[in-house]
Amino acid sequence: MTNASSEQSSLELSHRLAALRQQLDEAGYRYYVLDDPSLPDADYDRLMRELEAIERAHPEWVTADSPSQRVGSKVVGGFPEVRHAVPMLSLNNAFEQEGADDRARYAEVADFVRRIETTLDRRQPEFSVEPKLDGLAISLRYLDGLFIGGATRGDGETGEDVTGNLRTIRSIPLKLRGTGWPRLLEVRGEVVMLRRDFEQFNARALKAGDKLLANPRNGAAGSLRQLDPAVTAHRKLSFFAYAVGQVEDGALPSTHSATLQQLRAWGFPVSPEVATARGFEGLLAYFRRIGEVRDQLPYDIDGVVYKLDDYVGQQAMGFVARAPRWAIAHKFPAQEQSTRVQAIEIQIGRTGAATPVARLEPVSVGGVVVTNATLHNADQVARLDVRVGDSVIVRRAGDVIPEVVRVIPGQRPEDAHPWSMPSHCPVCGSALLREDGAAAWRCSGGLFCPAQRKEALIHFASRRAMDIEGLGERFVDALVEFDYVKTPADLYRLSLDDLLAMKQQADMRDGSTPETVKAGKIATRWAEKLLEGIDASRQTSLARFLFALGIMHIGSNTAKTLADWLGSLEQIRLQPDLVLRVLPDVGTEVAASIAGFFQQAGNQDVVDRLLEAGIEFADESTPDPRLRQRLDLAALLNGAHIAKLGPKSVELLLRHFPTLEAIEAGGYNHWLAAGVPAAAASALEAVLADPARRQVLSNAEQAMRALLAAIPAAAQVENLPLQGQSFVLTGTLQAMSRDLAKEKLEALGAKVAGSVSRKTSVLVAGEAAGSKLDKANELGVDVWDEAKLLACLAEHGISA
DNA sequence: ATACCTCGAGTTCG
DNA sequence: CTCGAGGTAT
């Protein structure tokens with residue numbers, strides 16, 4: 001066998017180099033990609049060492065594609081390989097299963113415990129229990145208390161020597177503390193990137209325009225395999241010890257938990273969550289406890305690990321294949337899963353928004369079976385380039401809502417073609433249109449579109465709107481489909497017979513079953529309940545009613561603003577947009593939307609019919625006196641956005657001409673005399689010359705005067721105790737729902753907002769409060785717990 | 001004009 | 001919960 005000795009000619013060496021590279025490439029490919037090794041490991045190592053020797057002698061020959069230069073998933077290079085003296089085993093996994101009780105759901109854990117109990121003839125054996133950190137397993141070796149090197153787990157038999165990088169991790173002791181360590185000690189544990197460090201890294205990368213890390217785990221793995229330790233040093237990694245490997249000339253305690261204590265004493269970080277537990281019940285309690293605090297831990301974990309605590313017992317249990325019989329990893333349901341896109345369909349929302357939704361092959365993500373995932377809008381589909389037939393990664397974002405994270409490359413069927421938004425609504429066939437610059441495509445069918453009618457009704461009946469009990473999606477579907485209900489007003493004209501007839505039609509279509517025929521009496525019961533629910537909803541509040549109408553841009557908050565300031569439906573439904581503009585939080589768009597809604601004859605008709613049907617508001621009142629300060633001709637003119645006519649000019653103008661009539665009578669020259677700039681005066685002249693625009697202004701003025709006249713003369717303003725305070729609610733409250741707490745706080749004059757900012761006075765944090773609590777702490781906002789909230793309410797005479 | 005603050009709208013599954 | 005966009009303060 002040749003080697004890179006100096007006597008050899010350059011030419012021979014370069015040929016040898018090429019041959020080595022080819023051989024190693026091929027062998028590496030078969031080994032790592034095909035999983036079908038063609039060359040014994042030892043031979044591979046020998047060839048690689050020869051290649052490296054030649055390259056060291058001739059650095060000018062080193063090319064980026066040389067097998068020696070590989071970094072990453074396919075071929076290990078750059079780092080020497082190390083054989084673990086004691087193999088780093090893998091653990092058997094236990095996952096949650098379908099089942100009626102704990103023993104069935106966690107059968108794998110139950111079996112694990114039972115096997116130990118029978119084999120060792122012990123009851124309620126003691127376990128050392130610990131969180132299973134989601135990072136990179138490594139082994140550290142210490143000789144006479146000094147760190148001499150470390151390696152990744154690799155395949156368990158052989159890992160990569162990443163000593164240089166491990167030295168940069170501050171939590172890995174380079175020298176052991178205390179006394180009594182064995183001459184040779186191998187400590188095993190997990191290298192992780194703490195969430196805090198991960199977020200910091202990504203925040204910085206985002207600013208610098210660098211690539212972001214996908215998750216902390218990738219951050220740890222990628223950083224540890226950097227060839228340049230200086231790079232690793234810049235990524236903050238942490239280490240937590242969880243086991244001992246090789247030991248020579250020394251002794252350890254007789255249990256695993258005591259060993260961990262010993263490791264702590266020697267200077268190793270050990271997760272504070274490690275504990276001991278007895279028997280199946282004990283393990284399960286630990287699993288649940290960790291599951292609850294999982295989000296608050298500084299690192300990502302993907303489960304917990306149970307280890308039989310005493311080493312004698314471990315030895316007696318032995319191994320199956322490559323996993324110990326004395327330990328098991330109890331995994332949380334996976335948060336990310338891969339699945340296939342069966343179809344991409346369009347959903348039409350209440351406002352006509354067309355949302356693409358991926359229909360997925362059912363897959364369990366984070367404990368629930370996911371079959372749908374939103375794709376948000378056409379841009380998002382294009383960005384991800386999701387196609388029907390693709391394999392995709394699905395994740396439950398923010399704990400609840402499934403989303404498609406990315407497409408798995410290389411698994412796309414050949415006939416897959418890019419997805420595009422259809423040109424027409426799949427429900428009613430109207431054109432789908434997109435406004436300039438907007439992200440959403442909308443069905444142009446309006447209430448002609450059954451999908452929009454349906455969604456509008458569901459919204460109308462929803463809890464925060466009219467709160468009609470018994471009217472869920474199912475019934476709305478049928479009511480709309482068989483044309484019993486076209487508008488919300490139709491709901492109040494339904495009779496028992498209508499509902500029963502509808503039910504019959506629905507059954508016929510679905511294929512009537514003997515059961516439904518027999519169940520005639522039960523069918524009557526639900527119909528009666530629904531009618532009761534509809535009847536009860538007749539008593540409501542003005543804000544709820546306005547919200548229920550589903551006017552664009554009018555959510556529950558703006559609805560409340562309208563109700564509070566204008567007092568009655570009659571005042572609201574007649575106001576031109578220029579008057580509405582003066583209300584807080586109402587600008588051009590919102591005002592135009594409200595006025596536009598009530599200008600449509602169809603909508604007016606629906607509202608009239610609802611009132612005729614007996615809708616009553618418990619809380620109608622007179623317009624708010626504060627309107628006096630906000631509502632004057634200046635406000636109207638400013639709101640009209642007449643070019644060049646700014647607030648200054650308006651003020652000058654109105655000083656001399658207090659009414660629209662007076663302004664008109666004055667005329668151009670007198671406006672100039674009042675100090676109004678020529679450009680503004682011409683613009684005003686042009687507006688008044690246009691009959692349509694003149695009409696708008698005069699209507700607004702008239703409406704304004706009528707409104708002012710409706711304000712009671714001597715209104716005493718009572719000062720509420722929490723007036724001017726802004727609250728935010730988060731987490732789960734025990735005594736009442738957040739909605740109810742909001743109502744009670746508002747009754748005391750407080751504002752209840754949805755998110756925390758500097759302006760927030762108090763954050764009320766219930767159980768399991770999340771990001772809002774962090775933000776409040778960051779901004780130094782007062783934080784109350786539920787008890788304090790209840791005390792505050794009680795103090796002002798409101799009970800829970 | 002810009003930066004911040006809010007609100008509205010859409011979303012899944014049990 | 002998150003995103004986008006409307007409203008307001010600077």
Side-chain angles (χ1 to χ4, degrees), chain A residues 98 295 333 345-360 362-380 383 394-405 434-443 451-452 455-456 458-459 462 464-465 472-473 543 546-562 577 580-594 630 638-639 641 647 726-731 738 742 751-761 768-775 779 781:
Chain A
E98 299 283 312
D295 292 339
E345 290 175 4
I346 298 296
Q347 264 178 21
I348 303 294
R350 161 166 75 86
T351 62
T355 309
V357 176
R359 305 274 174 230
L360 306 168
V363 62
S364 173
V365 186
V368 299
V369 176
V370 169
T371 54
N372 298 319
T374 176
L375 293 165
H376 294 117
N377 54 48
D379 294 341
Q380 173 84 348
R383 196 156 48 239
V394 178
R395 167 174 65 190
R396 290 221 301 160
D399 260 10
V400 226
I401 296 161
E403 65 176 8
V404 173
V405 183
R434 164 143 84 167
E435 277 176 42
D436 286 342
W441 290 78
R442 286 178 192 282
C443 164
Q452 290 189 55
E455 296 300 324
I458 290 169
H459 171 76
S462 67
R464 298 166 57 157
E473 197 158 342
L546 286 169
F547 176 54
L549 291 176
I551 305 168
M552 251 216 264
H553 296 128
I554 309 303
S556 50
N557 285 48
T558 313
K560 190 162 188 313
T561 304
L562 288 170
D577 60 348
L580 294 168
R581 282 275 281 110
V582 308
L583 302 181
D585 305 325
V586 176
T588 21
E589 293 281 330
V590 173
S593 172
I594 301 165
R630 294 177 159 259
N638 286 326
H641 289 122
S726 168
F727 280 67
V728 175
L729 305 170
T730 188
R738 275 203 301 266
K742 178 176 166 158
K751 264 193 64 178
V752 179
S755 57
V756 178
S757 75
R758 266 179 285 275
K759 290 190 196 164
T760 308
S761 327
S771 59
K772 284 179 204 169
L773 180 55
D774 298 340
K775 182 148 188 203
L779 296 175
V781 167

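Order of the sequence lines sets the chain letters (A, B, ...), proteins ahead of strands, with each chain counted from 1. The shown structure was predicted, so the numbers you read here are calculated from the model rather than taken from an experiment. What you see below is based on every heavy atom in this structure, not just the backbone, and it leaves out hydrogens, waters and symmetry mates.
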Inset, instruction - Indicate whether OP1 or OP2 belonging to dC4(B) is found under 4.0 Å from a side-chain N or O atom of Arg758(A). - result: no
Inset, instruction - From the options dC13(B), dG6(C), dC5(B), select the nucleotide whose nearest atom is closest to the side chain of Lys759(A). - result: dC5(B)
Inset, instruction - For Thr374(A) and for Ser755(A), locate the closest nucleotide of DNA chain B by heavy-atom distance; then report the residue assigned to the nucleotide nearer the 5' terminus. - result: Ser755(A)
Legend entry - Side-chain N,O (Ser556(A)) to OP1/OP2 (dC7(B)) below 4.0 Å: no
Inset, instruction - Round to a whole Å and report the spacing from CD1 of Ile594(A) to P of dC7(B). - result: 15 Å
Inset, instruction - Grab the NE2-P distance between His376(A) and dG4(C) for me, whole Å please. - result: 8 Å
Legend entry - Candidate nucleotides dA9(B), dC13(B), dT6(B), ranked by approach to the side chain of Asn372(A) - the nearest: dC13(B)
Inset, instruction - Write down the distance between CG (Leu562(A)) and P (dC7(B)), rounded to a whole number of angstrom. - result: 13 Å
Legend entry - Among dT8(C), dC5(B), dA9(B), the nucleotide that comes nearest once only the side chain of Met552(A) is considered: dA9(B)
Inset, instruction - Can you figure out which of dC7(B), dG7(C), dA9(B) approaches the side chain of Ala753(A) most closely? - result: dC7(B)
Inset, instruction - Check whether any side-chain heavy atom of Asn372(A) sits under 4.5 Å from a side-chain heavy atom of Arg359(A), and report yes or no. - result: yes
Legend entry - Shortest non-hydrogen contact from Ala559(A) toward Ala543(A): CB-O, 3.5 Å
Legend entry - Spacing of Leu375(A) atom CG relative to dC3(C) atom P, expressed in whole Å: 15 Å
Inset, instruction - Determine: side-chain N/O of Thr371(A) to OP1/OP2 of dT12(B), distance under 4.0 Å, yes or no. - result: no
Legend entry - Whole-Å gap separating P (dT8(C)) and NE2 (His553(A)): 14 Å
Legend entry - Residue that, paired with Ile594(A), satisfies side chain to side chain contact (heavy atoms under 4.5 Å, CB included) out of Leu546(A), Leu549(A), Leu562(A): Leu562(A)
Legend entry - Asn557(A) side-chain N/O to dT6(B) phosphate OP1/OP2 under 4.0 Å: no
Inset, instruction - Please check the phosphate of dG10(B) (OP1 and OP2 only) for any side-chain N or O of Gln347(A) closer than 4.0 Å. - result: no
Inset, instruction - Could you grab the distance from atom CG of Asn377(A) to atom CD of Gln380(A), nearest 0.5 Å is fine? - result: 6.5 Å
Legend entry - Length of the line joining Ile554(A):CD1 and dC7(B):P, which is rounded to integer Å: 13 Å
Legend entry - Any Thr588(A) side-chain N or O less than 4.0 Å from OP1/OP2 of dG7(C): yes
Inset, instruction - Check whether more than 12 heavy atoms from other residues, nucleotides or ligands sit under 6.0 Å from atom CZ of Arg630(A), and answer yes or no. - result: yes
Legend entry - Selection from dT11(B), dA9(B), dC7(B) that lies nearest to any side-chain heavy atom of Thr355(A): dT11(B)
Legend entry - Whole-Å distance separating the NZ atom of Lys560(A) from the P atom of dG8(B): 12 Å
Legend entry - Check: Phe547(A) main-chain N/O paired with His459(A) side-chain donor or acceptor under 3.5 Å: yes
Legend entry - Closest nucleotide among dT12(B), dC5(B), dG10(B) to the Ala353(A) side chain: dG10(B)
Legend entry - Spacing between His641(A) atom NE2 and dG7(C) atom P, to the nearest angstrom: 10 Å
